[in-house]
Amino acid sequence: MEYKKINNINKNYLKLFLENNFLKSKPFSFCYNGTNVVSEFGDLIKKEGEQNENYELYESKMAQIDECLDAVLKVKIYEEYSAVEWWLELENIGNYDSNIISEINYCDIGINPNIKPEAPNWEWPMLAYSRGSQARKDDFMMTKMQFWPDPGQTCEFECIYGRSSSEYMPYFNIQTSSSAGVILAIGWSGTWKAQIRIKPHCPERTVLSKISFPDAYFRLHPKEKIILPTMLAMPWEYSCYKTSYEFIEKDCIGAEKAFDRSHNDFRRLIYDNMLPKINNKPIEGKICLRAWGGFKKEQHERKIENIKKHNLKGESYAIDAGWYGEDWHQDAGDWEPLPELFPNGLKGLADLAKEANLEFSAWFELERAGTTAKNVAEHREYYLGHTFKRGGYIPMENYVNMWYGLLVNFGYEPARQWIKNKVIDTIKSCDMKIFRIDYNVWPADFWHYSDTCDRKGLTEIKYMNGLYKTFDELLELFPDLIIDNCAGGGRRLDYAMGKRSIPIMCRSDYFTAKDYKPEGIQAHTYALSSWLPVHSDSAGSCMAHSALCMDTYKFRSSICSGIGVPVPEWELSEEEAAWYRKMLNDAFRIRPYMCKDFYPLTGYNFSLKDWLAYRFHDYDTGNGVIFAFRREESCAERYVFELTEGIDPSRYYTIEDIDEGIMQSVLGSQLIEGIPFHITEKRKCRIVFYNLEKED
């Protein structure tokens, strides 16, 4: 092995990808009046005066084939990050309805291997994909499968019932050779379907990827404009690495190491370019002190008094559902605080939180309303769905997932403006800094129910366009606002929603499940960190007795980019208060590392008989943090972890245990060869920092 300085991202594979899919062809396909119109699109033209420091914008326009349809392909090239993003905009510029638009594949590409010689043990392309969120311990678990030469082999994936990460995550890594591949990300918070296969009888082993908007079949009315889903592709090679120094094997970096590096490049792409920003800095998770919204006023007062008295450090006092109506689920929609719980409205509680130096956050589900809500009675035309009596059933066999309630029609401009103004008034009334959005509904049936035979799919497209526009306008109006993306616990984790929000307190509902184990939460951090640089969870339900959360192992299993911590209501002893202070202070110290490079140190698992370990490495400072969990049935007291990436072998590092303090100073080469971890007690977590020492 040798130690050397490397350049930034190698862009050769990006150029090959662009040449094959944007110059020789187009990265999409759709039919107009039954005919594929891809060939009608012209060359990509750079849009001068509309550039960003991180990307260049290009357009390709469709030739005018009738007096109605105007179609534009828009492309952003992030050259520094070896990435490209694209989407289609369609508009009826005529005075009568367009012909039918159908068979929309907004990603229709071929992925060729790079031209470098293959490692001797590399055979066929590999596909990596992950489970979506279903409130299970194996949420986000990644699967790697290798394609075989059988030309009939096809892999198909789709989300279920209209939430983008409810069955599978909308991210795929297609490794085409030992040292190269392409990561694909779907930018759509609704329905999608993906088909990935090897091109039949192709000695170059080209992988074909087709991602579609299922069953689209619609015509546009005059002056109607829509934006179709976005796609993000990051072609990568093993040299696509932005840190200044690293170890590189002289002969071959190895397929597995190249694969891991590609995910860190993708995390950086998302962190630097896709996340919302406050003061020009990407947002991060928050340390939130949580409570159930339906608690009595006196309970909230006792909780906040505990925070003040014992100096419990947090950033937000966040209440969940239950602050309105009699039933948090069925009575959603009016968003009026219960006067017996909040005599001074949400502002009264926000003022109390402010006295404890905390911001305020309240749970909303602005897209859904119960059918008996006052707003529904006053504005029925603003809602999608079927109205029926409380306790009744929807009398339609094909719409079994339309739960009790309706959806605000974000594709209808009067409805969108109306609900947006309600949100604005609420945020202003209590100076809210975190706006938590839940989404406990399967929306696809609502959209399908509202479609007509020649407008299939259009309700969903206009809904999503309106929802994104609403969030964008809120973030522009409130530049220091963070939108917390809950969505039934991590069921809308696509990168388009990630441009506007992050999961702060609920990336999965598993922490509320009956079979909950901390090991499942550890596995969530391990698995989801392959795709997303910012995500977090809660250390327990906000409705549960807080004493159940006073468990160091459980708390540390939940630490990530942020954390939601149930606030104690009883009078804390000094020992209990000291525990809370340490856990919260630790969470603050750890947080900056969690958006940096992620490296597994053990295999993924949630077995009680094993260890799980991973680390996060700050590529700017050279520092990092290691998490190691010894599970409750593990017999192993010692593991050795090799820190092969990002470590300077010639520099010294200070090793510090979060509980025991500074342990020793070691040479980087020793960390690379292996750092021993001893955990003598079962069901215990060790967190260790390594810090690059200053040179004399």
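As the structure is a computational prediction, the values presented were derived from the model and not from experiment.
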Excluding sequence neighbours, so at least two apart, what forms salt bridge (charged side-chain N to carboxylate O under 4.0 Å, His left out) with [X]?
| X | result |
| --- | --- |
| K420 | E473 |
| E367 | R492 |
| E224 | R455, K462 |
| D454 | R219 |

Exercise for the section: Return yes when atom NZ of K223 has more than 12 non-hydrogen atoms of other residues, nucleotides or ligands closer than 6.0 Å, and no otherwise. Expected result: yes
Exercise for the section: Look at atom NZ of K456 and say whether more than 12 heavy atoms of other residues, nucleotides or ligands are closer to it than 6.0 Å. Expected result: no
Handout entry: Any donor-acceptor pair under 3.5 Å from R163 side chain to C159 backbone
Key = no
No-hydrogen, no-angle side-chain donor-acceptor test under 3.5 Å, [X] and [Y]:
| X | Y | value |
| --- | --- | --- |
| W418 | E413 | no |
| Y78 | E85 | yes |
| Y271 | E284 | no |
| T230 | Y495 | yes |
| W236 | S82 | no |
| D494 | W192 | no |

Run the side-chain contact (heavy atoms from CB on, under 4.5 Å) test against [X] and tell me which residues pass, sequence neighbours left out.
| X | answer |
| --- | --- |
| S165 | M169, P170, L493 |
| A71 | F30, F41, M62, L90 |
| P222 | N92, D97 |

Partners meeting ring pair (Phe, Tyr, Trp, His ring centres under 6.0 Å) with [X] (sequence neighbours left out):
| X | value |
| --- | --- |
| F140 | H524 |
| Y604 | Y526, F606 |
| Y439 | none |
| W447 | Y463 |

Taking NZ, NE, NH1 and NH2 as the nitrogens, is one of them in [X] or [Y] under 4.0 Å from a carboxylate oxygen of the other?
| X | Y | result |
| --- | --- | --- |
| R591 | E315 | yes |
| D472 | R500 | yes |
| R261 | D597 | no |
| D139 | R131 | no |
| K76 | E56 | no |

Handout entry: Sequence neighbours excluded - salt bridge (Lys or Arg N to Asp or Glu O under 4.0 Å) pairs with any residue from residues 22-44
Key = E19-K24
Tell me whether the NZ or CZ atom of [X] lies within the 45° cone about the ring axis of [Y] and under 6.0 Å from its centre.
| X | Y | answer |
| --- | --- | --- |
| R615 | Y593 | no |
| K74 | Y58 | no |
| K499 | F471 | no |

Handout entry: Approximate separation, where rounding is to 0.5 Å, of S450 OG and N409 CG
Key =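 Spacing of OG (S450) from CG (N409) equals 7.0 Å.
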Practice task
Return the minimal non-hydrogen interatomic distance between D620 and D618, and the atom names on each side.
Solution key: N-OD1, 2.9 Å
Problem - Positive for side chain to side chain contact (heavy atoms under 4.5 Å, CB included) with T206, one of I109, N112, N20, T176 - result: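 The option that passes is N112.
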